There are 2 protein chains.
Amino acid sequence: MTTLSGTGPRRVRRATMSDVARLAGVSIKTVSRVVNDEPGVHQATAERVLAAIDQLGFRRNLSARNLRRGSSAGIVGLVMEDVANPFYSELTGAVEEVARQHGRHVLAASSGEDPDRERELALEFCARRVDGLIVVPAGVQHGYLVPEMRAGTPAVFVDRPAGDVVADTVLVDNIGGTVAAVQHLARYGHRRIAFLGDAPDIFTAAERLRGFREGCARAGVRYDEDLVAMGPHDAPGIGATLRRLLRGPEPATALVTGNNRITVLVLRALAGQRDRPALVGFDDFELADLVNPPVTVIAHDVAALGRTAAELLFARLDGDGAPPRRVVLPVRLVTRGSGEVPA
Amino acid sequence: MTTLSGTGPRRVRRATMSDVARLAGVSIKTVSRVVNDEPGVHQATAERVLAAIDQLGFRRNLSARNLRRGSSAGIVGLVMEDVANPFYSELTGAVEEVARQHGRHVLAASSGEDPDRERELALEFCARRVDGLIVVPAGVQHGYLVPEMRAGTPAVFVDRPAGDVVADTVLVDNIGGTVAAVQHLARYGHRRIAFLGDAPDIFTAAERLRGFREGCARAGVRYDEDLVAMGPHDAPGIGATLRRLLRGPEPATALVTGNNRITVLVLRALAGQRDRPALVGFDDFELADLVNPPVTVIAHDVAALGRTAAELLFARLDGDGAPPRRVVLPVRLVTRGSGEVPA
DNA sequence: TCCGGGCATGACAACGTTGTCCGGGACCGG
DNA sequence: CCGGTCCCGGACAACGTTGTCATGCCCGGA
C-alpha cells in the first residue's frame with residue numbers, strides 16, 4: 001500500500017530519454033529504439049534500458065513524439081452546449097466509441113450555447129492540432145473555421161447546420177417530426193394544439209416550429225400564434241405559460257414540446273393536475289414510458305447522430321474528398337398513450 | 001457562403017511561423033513576438049505579420065509551444081465507466097466547470113468497467129502529459145499510477161477508492177445511505193426487505209450491501225440472504241429476480257436498489273402491476289418524482305462529487321503537499337411517498 | 001592479411017515554438 | 001561629429017522525441 005500525495009520528492013521533473021540514457025549508459029537513440037520496439041538492440045542493452053526506465057518511472061512524452069513525427073495528435077475535439085446534458089452525453093458516448101475504433105480520444109467541451117465561447121473552444125482545439133472537430137453549432141457564423149478546415153482540420157456539424165459554411169452536417173428530420181406530432185394529435189380530434197419551443201434563434205427550435213405550422217396546415221388545424229410559446233423557458237416561466245395556454249374560451253387541449261428539457265419542465269409543472277392535456281414531446285427520454293400517463297414522443301437515435309458524424313469525420317481524415325454531405329436522420333413517432341387522449 | 005470539405009487544396013501542410021516569417025519578410029522571432037503580443041515590434045511590421053498570418057491561416061501549434069515552455073498541457077484526464085451514463089456526465093460537467101475556471105480542458109474516456117482499459121487510458125493520458133487525472137476506479141490495483149504520481153501527475157479518485165494506493169479520494173456515504181433506507185422502510189412496518197445491488201466486486205455495491213446489513217441490524221429486521229440479489233443485472237434477469245423475491249410464504253414487501261440503473265430496471269419490470277412493493281433507490285434520477293408512485297431515493301450531489309475532486313486536484317497542482325485526503329460526501333433520504341406504503 | 005558485410009550503437013538534425021542574447025540603426029545631447 | 005541609449009529585429013539554442021546516416025566491431029572468405 002503506497003501513500004501518495006504531493007508529499008515525497010517535491011514535484012520532480014519528469015524523466016526524459018536523456019535521463020534514462022545516462023542511467024543506462026547508452027545513447028538517447030538507443031533508448032528510443034527500446035521504447036519503440038525497434039530491432040537492432042542487443043538484449044542485454046535493452047534490459048539495462050528497461051531497468052533504467054523502470055527505476056526513473058520514465059514515460060515517453062507523446063506531445064514531443066507527435067511533434068517530431070508529424071503524426072496526428074490522436075484527439076478529436078467535440079464542442080457542444082453542455083456535456084452534462086444526457087442528450088449530449090449520449091452523443092459523446094457514440095463519438096467516443098467510433099473514435100476509439102480509430103485509435104483516438106475525445107476532447108469535449110461545453111459552449112453553453114454561447115457562439116463566442118464555441119468559437120474560442122473550436123479554435124483552441126485547432127491550435128492543439130486535434131485531428132478533427134465535431135461541433136454542435138451555437139451560433140450562425142462559422143467562417144472562422146474556414147482557414148482551419150483549409151489547413152486540414154476537418155469539421156463536421158451535428159444537430160444543427162453551420163451558419164455560413166457548407167460542410168459535412170448531420171441533422172435529424174425536425175420538420176417531419178413535428179408534422180407527424182401534429183397529425184397524430186389531430187387524428188385524435190385535437191383542434192387546439194399548442195407548441196412550446198426553445199429559443200427561436202436555435203436552428204432546431206425554428207425548424208420544429210416550421211414543422212408545427214406545416215403540420216397544422218396539413219392536418220387542417222388552425223395555426224394560432226397565441227398557442228405558440230418559444231423559449232428560453234425555465235420552471236417558473238413554464239407554469240405561467242401553461243396557465244395562459246390552458247385557460248380561456250378556447251384553451252389548448254394538446255401540447256407539442258420542442259425538446260426533452262421542455263417536456264420535463266411541462267411534466268413537472270402539470271404534475272398532480274387532474275387531467276393533463278395530450279402531449280407529444282420532441283426527443284425521447286428515459287422513463288418517458290413510466291411517467292403517468294406515459295409520454296408520446298418524437299424519438300430519434302442520438303447515438304446514430306454521434307456515430308454518423310464521427311464516421312463522416314474519419315472518412316475525411318482517411319482522405320475522402322467528396323463534396324460536403326448533409327445527412328438527415330429519420331425520426332419516429334413513439335406513441336405511448338398520452339396522445340390518444342381525445343380532445 | 002464557403003463550401004468546404006476535403007476538396008480544394010489537398011490537405012495542405014499547416015503554415016508555421018517560418019512560413020509566416022518568409023511571407024512577411026521578417027524573422028521567425030518577430031512572428032512569435034506578434035503572436036504573443038510581446039512589445040518591441042514596430043506597428044508597421046506587426047501589421048505585415050498579421051496580414052501574412054491571416055493569408056496563410058496560421059495558428060500557432062500549442063503542443064510545440066507547451067513543449068518549449070515546459071508549461072502544462074492545459075488538460076486534465078478523466079477516466080470513468082461510461083461517458084454516456086447521465087450519472088457520469090453530470091460528474092464530467094462539474095469537473096469541466098472547475099477545470100474551466102483554472103483554464104484547462106477535460107479529456108474524458110470510458111473504461112467500460114474494465115481495469116485493463118482503465119490502466120491503459122490513464123497511462124496514455126500521463127504520456128500525453130495531462131496536468132492531472134481524475135479516476136473512477138474500475139479495478140482494485142492502482143500501483144501503476146505510483147510512478148506517474150511521483151513524477152508529478154496528481155490523481156484523485158472519485159466514487160470509489162483506489163485499490164492499493166492511498167491518495168486523494170472523494171466518496172459518498174454509501175453505508176449511511178443504505179442504513180437510512182432500511183430504517184426508513186422499517187419505520188413503516190416493513191420486515192421483509194430485499195436488496196438488489198450491483199456486482200459485489202464494485203466498491204460502492206459492496207459498501208451499500210454492508211450498509212443494508214447494518215441497517216437491518218439497527219432496525220431490528222432479520223437479514224435474510226435469500227432477499228439479496230447482487231448483479232450484474234439486466235432487463236430479463238431482473239424480472240426473474242423480482243418474481244423470486246416477491247413470491248413465496250414470506251415475500252419481500254419492500255425493495256432497496258443499489259444504483260440508478262437498477263432502480264430503473266426494477267421500475268420497468270414492475271410497471272403495470274397493481275401494487276408495487278415499497279421502493280427506495282440509491283442515487284436520485286430525473287423524473288423520480290414523476291413516475292407513479294414517485295420513488296423515494298437516497299440522493300447525493302453528483303456535481304459536488306466532481307467539483308470536490310477537481311478542486312482537490314487543482315489544489316495539488318497549486319502545490320498543496322498535505323497528506324492525502326479522503327472526503328466523504330453526505331447523502332440525503334428524499335422521501336417521495338413510495339416508501340411510506342405500509343407493509 | 002585484407003576486405004566486405006552485418007550488427008549494435010551513436011551523432012546529429014529536425015519537428016514548431018520561445019527564451020536569451022546580440023547587432024545595427026535612429027536619435028539625442030554635448 | 002562622437003558616444004550613449006533606445007528600439008527593432010534576428011541568430012541561435014533548447015524543449016523531448018525520432019529519422020537519417022555514420023561509425024566501430026566482429027566475422028567469414030579470399
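The sequence lines fix the lettering, A, B, ..., with proteins before strands; numbering per chain opens at 1. Since this is a predicted model, take the numbers as computed values, not measurements.
With sequence neighbours left out, the side-chain contact (heavy atoms from CB on, under 4.5 Å) criterion links B/N36 to B/S32, B/E38, B/R60, B/R65.
For residues 117-139 of chain B, the pairs satisfying ring pair (Phe, Tyr, Trp, His ring centres under 6.0 Å) are A/H105-B/F125, with sequence neighbours left out.
The side chain of A/R68 places no N or O atom within less than 4.0 Å of a non-bridging phosphate oxygen (OP1 or OP2) of D/dG19.
No side-chain heavy atom of B/M80 sits less than 4.5 Å from a side-chain heavy atom of B/D159. For the pair A/P324/A/T169, no side-chain contact is recorded, criterion being any heavy-atom separation below 4.5 Å from C-beta on. Side-chain atoms of A/D19 and A/F58, non-hydrogen and from C-beta on, never get closer than 4.5 Å to each other. Under the 4.5 Å side-chain criterion, counting only non-hydrogen atoms from C-beta, A/V136 is not in contact with A/E81. Here the side chains of B/I202 and B/E113 are in contact, with some heavy-atom distance below 4.5 Å.
Using a 4.0 Å cut-off between charged side-chain N and carboxylate O, A/R119 and A/E148 make no salt bridge.
Residue A/T45 is classed as a sugar-phosphate contact, given heavy-atom separations below 4.0 Å to backbone atoms only. A/Q43 comes within 4.0 angstrom of nothing in the nucleic acid, heavy atoms only.
When every heavy atom of B/R316 is checked against every heavy atom of B/G321, the shortest pair comes out as NH1-C, 3.7 Å.
Within a heavy-atom distance below 4.0 Å of DNA chain C, the residues of residues 26-37 of chain B found are B/I28, B/K29, B/S32, B/N36.
The residue from A/V156, A/D318, A/D168 that alone fulfils the side chain to side chain contact (heavy atoms under 4.5 Å, CB included) condition with A/L313 is A/V156.
With the nearest nucleotide of DNA chain D identified for both A/E38 and B/V41, B/V41 has the one nearer the 5' end.
B/Q101 CD: more than 12 foreign heavy atoms inside a 6.0 Å radius.
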Does the pair B/E124 and A/R100 meet the rule for a salt bridge (Lys or Arg N to Asp or Glu O under 4.0 Å), with working shown? CA-CA 13 Å; B/E124 205 205 293; A/R100 195 186 59 73; over 6 Å; no
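Using cut-offs of 30° and 60° on the angle between ring planes, the pair B/F314 and B/H102 is parallel.
When DNA chain C is scanned 5' to 3' for any atom under 4.0 Å from a heavy atom of chain A, the first and last hits are C/dA8 to C/dG16.
Comparing the axis of the opening five pairs of the helix from C/dT1-D/dA30 to C/dG30-D/dC1 with that of the closing five pairs yields an angle of 70°, rounded to 10°.
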Tabulate protein N/O versus nucleotide N/O from nucleotides 5-7 of chain D, keeping only pairs under 3.5 Å, one per line.
none

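Distance CE (B/M17) to P (D/dG9): 16 Å, rounded to an integer number of Å.
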